[in-house]
Amino acid sequence: MTINSPKALAIERSNAQKEIERQQVRILICAGTGCLAGGSNRIYARLQELCKDITHVSVEFGKEIAHVGIKRSGCHGFCEMGPLVRIEPYNILYIKVKESDCDEIFQETILQGRPIERLLYHMDGVAYTAQEDIPFYAQQTRIVLKNCGHIDAENIDEAIANDAYKALEKALFHMTPDEVIQTISDSELRGRGGGGFPTGYKWQQVARQKETTRYIVCNGDEGDPGAFMDRSIMEGDPHKMLEGMLIAAYAVGAQEGYIYVRAEYPLAVKRLQIAIEQAEKMQLIGDHIMGSDFNFHLHINRGAGAFVCGEGSALTASIEGQRGMPRTKPPRTVEQGLWAKPTVLNNVETYANVPLIVANGADWFKSIGTNKSPGTKAFALTGSVKNTGLIEVPMGTDLKKIVYDIGGGIKNDEPFKAIQIGGPSGGCLISTDLDLPLDFDSLKKRGAMIGSGGLVVMDTHTCMVEVARFFMNFTQNESCGKCVPCREGTMRMLEILERIVNGNGTLEDLDLLQELGETISDTALCGLGKSAALPVLSTLKVFREEYEAHVIDKRCPAGNCQALKKYSIDPEKCKGCSKCARNCPVNAITGKVKQPFTIDTNKCIKCGACQDNCPFDAITVEN
């Protein structure tokens, strides 16, 4: 159906809602990247086969099934428990579903309306039938992610049935561009890509430029290790982001837009392509949108996986076909961005908030979160936490609630040690920060930043020096090399960190790390370079004694650094079988059969082969 007026949109929404209501039973199979890897496509195919012959079936709960809807949804968020299957109208969520479970699901739940207890989520002896009652979901405020896992991600009608493009209609037919910008400004929406720049102010700057050719660009180049918020929105509810871009285009007078997505996100690219094609057919993207004078065309650009292309000027250079490298500023993107024209550049989550604000008003948005950081924030919760996955909470939610209430606590009930927030551009928070509210300003005071929203939880078995080395290795590999501080400074810092984890570090190295980190932060060309040293500087500040143990005692307190482990043989347990010596790749173990063997620590390469092959548990390891 072509939507050439607000009335046509209302009719389409009504028809779409009736179609959903016709499906007395809806089966929503998670088809996000994680669950697909776990085999959710096979579950989808099997349930389709089982339900294909249903016509009218009387079920135990007193209803008659005339139609079963089987849908591929986007990410449900509870990634630790995937593959996930949600069954409506009971709101049942089945976890860790296998293809072999499908017949039982069909017989017990689809036909009889009965939950299968073994497939439900269990916690503290309680089996949770309804998804909304599971603590992981009950503690969240899902606004941007509301539709993810609840609609068919590849069907525009299901998005429209859930109010997609309603805010665009309001903007086009009931608001002027200036009123739209003012609403976004009044909402105090801040960019969700990491910097927290006021979105409304950015739009104002573009709208007031004399140059009338303007562009809208969406940054979907989510490169932080452990972050997958933007990917899940693009995969699970792409129309929300597209609608936000359309509203931004109307507000600043742009007629063309670009979505820059990592090539490593093929499913996100596919679903965006489907969403754009469907919206174009309905006249929701293209010329004379919804019968108005507003024209807007969208293009998708796939990045080659360079982390630096998440930086605004590098991203626009990449779209233009140039090498993705940052440039000096001014001029800024709002003045000379894509093809040197005024450009609005926001990330996926920022655009996804826009329709909600236009539809519900600035005051509604400001009623959520904190005074200076209103709204919600999506985080990717990973690491040593029981419930990993994608979450959305009001800005200002403290770490304790995220880690222990939503995340379920530390795996194996180990003590909490730290949490890395913001990926390679972020910082490290410790146990004394558990009451810290997660908002832009509070984190800045602690020397950290939200970044794109990755949260990596660590327990006491995590070596913080190795964590710093990991992030520095990532940053150094991803440096574009344009400026000396980032290109050379990160290399020197990585060399020092590798010396330390290999047992060759000195106290002077710690001072040099600090000096190099501060110099890079002060002098690097772009924001990514300026934040490259933050993981090192923050861990050096709060875990200095762990660094000192590595360089003074040649010991890793967490027991992770292989080079600092010391292998020895307990003569009381050793039976002289010689198995350890026969499996040592460097002949570091000597002795006589039926007598205790010994390890030459100077030759030992700490490979662990002796420990793996000892049948008497005689090999001891000192960390």
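Side-chain contact check for Tyr94 versus Asp101: every heavy-atom pair is 4.5 Å or farther apart. A 4.5 Å side-chain heavy-atom check between Leu534 and Phe471 finds every atom pair outside the cut-off. The shortest side-chain heavy-atom distance between Asp511 and Leu507 does not fall under the 4.5 Å cut-off.
The salt bridge (Lys or Arg N to Asp or Glu O under 4.0 Å) pairs that include a residue from residues 608-623 number zero, where partners must be two or more places apart or lie in different chains. For residues 408-423, the pairs satisfying side-chain hydrogen bond (donor to acceptor under 3.5 Å, both in side chains) are Lys386-Asp413, Glu414-His461, Lys417-Glu546, with sequence neighbours left out. The side-chain hydrogen bond (donor to acceptor under 3.5 Å, both in side chains) pairs that include a residue from residues 512-537 are Ser425-Ser531, Gln514-Glu518, where partners are two or more places apart or lie in different chains.
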Side-chain donor-acceptor contacts of residues 566-574 below 3.5 Å, not counting sequence neighbours, with atom names and distances?
unit_1	atom_1	unit_2	atom_2	d
Tyr567	OH	Gln562	NE2	3.2
Ser568	OG	Thr620	OG1	2.6
Asp570	OD1	Glu572	N	2.9

Donor-acceptor contacts under 3.5 Å from residues 588-609 side chains, at least two apart:
unit_1	atom_1	unit_2	atom_2	d
Asp600	OD1	Asn602	N	3.0
Lys606	NZ	Ala563	O	2.7
Lys606	NZ	Lys565	O	3.3

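The distance from the NZ atom of Lys579 to the SG atom of Cys610 is 13.0 Å, given to the nearest 0.5 Å. Distance CG/Leu497 to CZ/Arg492: 12.5 Å, rounded to 0.5 Å. The structure places CD1 of Ile406 at 7.0 Å from OG1 of Thr397, a figure rounded to the nearest 0.5 Å. Between Lys445 atom NZ and Leu436 atom CG the span is 10.0 Å, to the nearest 0.5 Å. Rounding to the nearest 0.5 Å places CG of Leu525 at 7.5 Å from CD of Glu311. Remark: Asp433 CG to Leu399 CG distance equals 7.0 Å, nearest 0.5 Å.
More than 12 heavy atoms of other residues, nucleotides or ligands sit less than 6.0 Å from atom CZ of Arg487. Other residues, nucleotides and ligands contribute only 12 or fewer heavy atoms inside 6.0 Å of the CZ atom of Arg323.
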Quiz item: Can you list the steps and then say if Cys580 with Cys584 is a side-chain contact (heavy atoms from CB on, under 4.5 Å)?
Solution: CA-CA 6 Å; Cys580 57; Cys584 179; over 6 Å; no
Practice problem: With salt bridge (Lys or Arg N to Asp or Glu O under 4.0 Å) as the test, would you mind laying out the steps for Arg499 and Glu508 before giving the verdict? | Solution: CA-CA 12 Å; Arg499 281 206 303 269; Glu508 289 75 16; over 6 Å; no
Practice problem: Please report the C-alpha distance between Tyr265 and Glu222 in whole Å, then the side-chain angles of each, then the deciding distance to 0.1 Å, and finally whether the side-chain hydrogen bond (donor to acceptor under 3.5 Å, both in side chains) criterion is met. | Solution: CA-CA 9 Å; Tyr265 285 178; Glu222 188 175 45; 2.8 Å; yes
Exercise. With side-chain contact (heavy atoms from CB on, under 4.5 Å) as the test, would you mind laying out the steps for Phe78 and Cys30 before giving the verdict?
Key: CA-CA 10 Å; Phe78 209 2; Cys30 180; over 6 Å; no
Exercise. Would you please test Asp509 and Val551 for side-chain contact (heavy atoms from CB on, under 4.5 Å) and show each step?
Key: CA-CA 9 Å; Asp509 283 335; Val551 300; 5.5 Å; no
Quiz prompt | Derivation and outcome, side-chain contact (heavy atoms from CB on, under 4.5 Å), residues Thr33 and Leu36 | solution = CA-CA 5 Å; Thr33 295; Leu36 284 173; 5.7 Å; no
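Ion pairing of Lys270 with Glu235 is absent here, as no side-chain N (NZ or NE/NH1/NH2) approaches a carboxylate O to less than 4.0 Å. Looking at Asp439 and Arg446, no side-chain N of the basic residue comes within less than 4.0 Å of a carboxylate O on the acidic one, giving no salt bridge. In summary, Glu104 and Arg118 engage in a salt bridge, as defined by a charged side-chain N under 4.0 Å from a carboxylate O.
By the side chain to side chain contact (heavy atoms under 4.5 Å, CB included) test, Cys102 is found to be paired with Ile43, Arg46, Leu47, Leu50, residues two or more places apart in sequence or in another chain being considered.
A cation-pi arrangement is present between Arg72 and Tyr44, with the terminal nitrogen or guanidinium carbon under 6.0 Å from the aromatic centre and inside a 45° cone about the axis. Annotation: cation-pi pair Lys401/Tyr404 absent, no NZ/CZ under 6.0 Å from the ring centroid and within 45° of its normal.
The two residues Phe228 and Cys79 have their closest heavy-atom pair at CE1-SG, 3.9 Å. Nearest heavy atom pair, residue Met123 against residue Tyr128, reads CB-CE1, 4.0 Å.
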